[in-house]
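Reading through the structure tokens given below for one structure.
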Amino acid sequence: MTLDSTDLFGAVIDRRVVPVLVPMPAAKAYSYVVPDGMAVEPGSIVQVPLGPRLVVGVVWDGADDGMVDPRKLKQIEKVFDCPPLTGDMRAFLDWVAAYTVTPPGLVARMALRAPAAFDPEPMVEALRLTDMRPERMTSARERVIAAASDGFSWTRSGLAHAAGVSSSVVDGLTAQGVFETVFMPPPPVVALPDPDFAAPRLEGAQKDAAADLLAAVEERRFSVSLIDGITGSGKTEVYFEAIAATLRAGKQVLILLPEIALTASFLERFQDRFGSKPAEWHSDLAPRTREKVWRQVTTGQVRVVAGARSALFLPFEDLGLIIVDEEHDPAYKQEDRVFYNARDMAVVRGRISNFPVVLVSATPSVESRVNGEMGRYRPIHLPTRFGDAALPHLGVVDMRRHPPERGGFLSPVLLDQVGKAIGRGEQALLFLNRRGYAPLTLCRVCGHRFQCPDCSSWLVEHRFRGQIQCHHCGYSERTPEACPECGTLDHLVACGPGVERIAEEVERHFPEARTIVLSSDLMGVKRLRLELEAIARGEADIVIGTQLVAKGHNFPMMTLVGIVDADLGLANGDPRAAERTFQLLSQVTGRAGRTGLKSLGLLQTYQPQHPVMQAIVSGDSDAFYEREINERERAALPPFGRLASIIVSADSRNDAEGHARGLRMAAPRVDGIAILGPAEAPLALIRGRHRFRLLVHGRRNSDMQAFVKAMIAGGPKERGSISVQLDIDPQSFL
DNA sequence: AGCACGCCGACT
DNA sequence: GTCGGCGTGCTC
């Protein structure tokens with residue numbers, strides 16, 4: 001808008017005022033004055049003064065509402081030389097903000113997560129051969145000149161490397177005028193992918209699925225396809241064809257992967273098909289690389305990004321396809337600051353920009369499955385494995401009939417199969433989704449249980465490190481020798497298994513075997529990649545791992561997978577517990593049987609009749625899904641209702657339950673409230689108090705939105721120790 | 001979200 | 001007497 005104002009000489013001048021989203025939890029955009037001679041438009045990325053500092057903001061849509069005292073208005077400091085956020089991108093950010101009940105500035109900030117990328121990358125210094133030649137020629141100098149004779153410009157170190165000399169040789173030649181310094185645009189972070197580099201010949205079901213998918217993708221408008229295919233059925237090859245088609249049409253592609261830091265093998269497969277790697281985007285990127293990728297995505301130099309959920313907020317120049325691989329994976333949910341599920345927001349982004357979205361999973365989420373059945377998503381089935389990849393034979397071990405020996409956790413049945421597998425020179429994987437040695441430690445004399453002083457959950461013993469740790473808030477201390485309650489020495493007893501304890505049991509039974517424990521707390525991402533490669537080369541016999549062994553790495557010699565405790569995670573109150581267990585166990589057992597060798601998966605369970613076990617063992621999941629869908633529909637859970645979670649911070653569980661009852665009274669249209677233990681509260685929210693999570697579900701969007709907004713507005717003050725944070729699970733928004 | 005201001009405990 | 005904990009409040 002234009003404001004009338006008066007200058008020093010009493011003349012009326014125009015001040016142009018625009019809304020600017022600043023990275024702050026304000027309900028709406030702030031107003032800033034555009035200085036004379038500055039050109040801004042909606043989407044422009046700008047630097048503005050905010051309180052005592054300068055921040056990055058985005059000029060937003062609409063006119064300024066003139067509600068702020070004109071004397072308070074400050075000027076935009078500068079406009080970055082960078083493509084403005086497109087109208088689609090702004091509409092997307094607005095939508096996410098409204099849907100997740102998050103201040104728009106915080107959502108916009110996710111699109112600007114690249115410290116210094118907003119100005120163009122500086123040109124790089126390069127050397128180009130001139131007509132001058134050195135007075136004295138040496139063989140090193142000849143090699144340098146020969147290498148540089150291709151007519152192109154070279155970087156100093158690149159040229160030295162290419163000629164096999166040290167850079168001082170190049171410097172000497174430069175000093176004599178043989179090279180002149182020129183500036184060239186910075187090199188791309190990745191080479192351009194070639195859609196025709198190694199197009200595979202697809203057969204049978206894969207060919208049909210690819211044709212089906214291409215029909216949807218080549219319409220070049222919004223649709224959601226759900227590729228549902230068992231492990232090893234060739235889902236990746238199929239969606240690579242959709243990527244190729246999109247690249248040929250000149251559009252950019254985004255591939256979302258859960259935990260991309262662990263998926264080196266995916267990048268290689270992509271390179272084999274397209275001749276170059278996609279640009280990566282995840283939290284472990286080096287800041288310089290991050291800036292380059294951000295910049296080159298906005299300018300369109302990067303054509304394909306493979307990224308974690310945050311990549312969804314990259315401001316692509318011209319995005320034309322999103323693939324969400326392993327769409328059921330809980331890692332797509334962000335549970336701090338802005339609460340969102342990247343899978344669902346990907347669908348929204350496709351709808352807003354009118355391009356196709358492809359969801360992929362061997363074990364689709366119940367939501368996606370229902371959306372497929374209702375015709376909102378287009379189901380594409382890949383029912384069979386191809387090549388020599390036989391399915392593993394899967395079975396349960398009924399732990400009531402085959403109990404482990406005293407103090408152990410592995411049944412004789414499983415131990416026998418481990419012995420046989422390593423006896424044949426093959427590998428065995430034992431999966432237990434529990435880090436550390438034991439989940440609970442107590443004193444045999446007085447019954448004292450080690451509990452976290454900050455958040456009330458049990459402290460987990462980590463024997464390799466000699467520590468007891470809280471897995472929820474990060475608290476840790478050295479494992480004491482004496483009971484802190486009664487002072488008795490050496491009477492602490494570990495209850496229940498963790499991977500470290502399983503490793504101990506394995507080593508007792510197979511002292512000769514090479515055993516390795518893979519657990520996220522024992523190694524960083526880099527170290528883990530190396531270990532995974534070593535295992536794939538056959539440098540271990542028995543691998544004992546937590547959840548991270550489930551993610552996209554293939555071990556050709558792995559012919560036995562043992563699930564140490566298939567029941568773990570079934571009884572924690574989460575309405576998605578069974579679904580999650582089914583998905584996780586399918587993924588882990590899918591690690592076996594990718595070779596031509598006969599392979600076996602065994603699930604140790606006390607509930608062999610449980611629908612999850614039945615679905616896994618039979619390989620027929622339809623009955624399981626049907627049951628879950630009916631249950632969800634009855635309880636008004638997604639996708640039939642809406643699910644929000646509220647973190648209640650209270651001094652005791654009793655208080656939390658009291659608050660829950662209070663909330664229920666306050667929200668008559670909410671269908672159900674479940675209280676989950678401290679383990680269910682997201683890590684980021686725990687700050688030294690007892691925290692519980694309430695899962696609240698209701699049938700109608702508007703009811704839940706109203707409820708959640710009221711909770712935020714009512715906030716901690718009026719409700720004593722309740723603090724509200726939410727996590728809204730999307731349902732249908734199509 | 002940052003960052004400043006402001007009011008009570010252990011230290012040079 | 002100051003340094004520093006984090007509770008409260010503000011940013012166009």
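These figures come from a predicted structure and were not determined experimentally. In what follows, chains are A, B, ... by sequence order, proteins preceding strands, each numbered from 1. Just so it is clear, the values below take in all heavy atoms, side chains as well, and ignore hydrogens, waters and symmetry mates.
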Would you say Y32(A) and V46(A) make side-chain contact, with heavy atoms under 4.5 Å?
no
With a 4.5 Å cut-off on side-chain heavy atoms, are I322(A) and L312(A) touching?
yes
Output the rounded distance in Å from CG (L106(A)) to P (dG2(B)).
9 Å
To the nearest Å, give me how far apart CZ (R53(A)) and C1' (dT11(C)) are.
8 Å
I76(A) has an atom CD1; how far is it from atom P of dC12(C), in whole Å?
13 Å
Just checking P19(A): base, sugar-phosphate only, or nothing, at a heavy-atom cut-off of under 4.0 Å?
nothing
Distance check needed: dA1(B) C1' versus M110(A) CE, whole Å only.
14 Å
Against the six-membered ring of F80(A), is R295(A) placed for a cation-pi contact (under 6.0 Å from the centre, within 45° of the normal)?
no
If you look at every strand shown and take non-hydrogen atoms under 4.0 Å, does P23(A) touch a base, only sugar-phosphate, or nothing?
nothing
In terms of side-chain heavy atoms of R337(A), which of dC3(B), dA1(B), dC12(C) is nearest?
dA1(B)
Length of the CD-P vector between Q75(A) and dT11(C), whole Å:
19 Å
Side-chain contact, heavy-atom cut-off 4.5 Å: V59(A) with V34(A)?
no
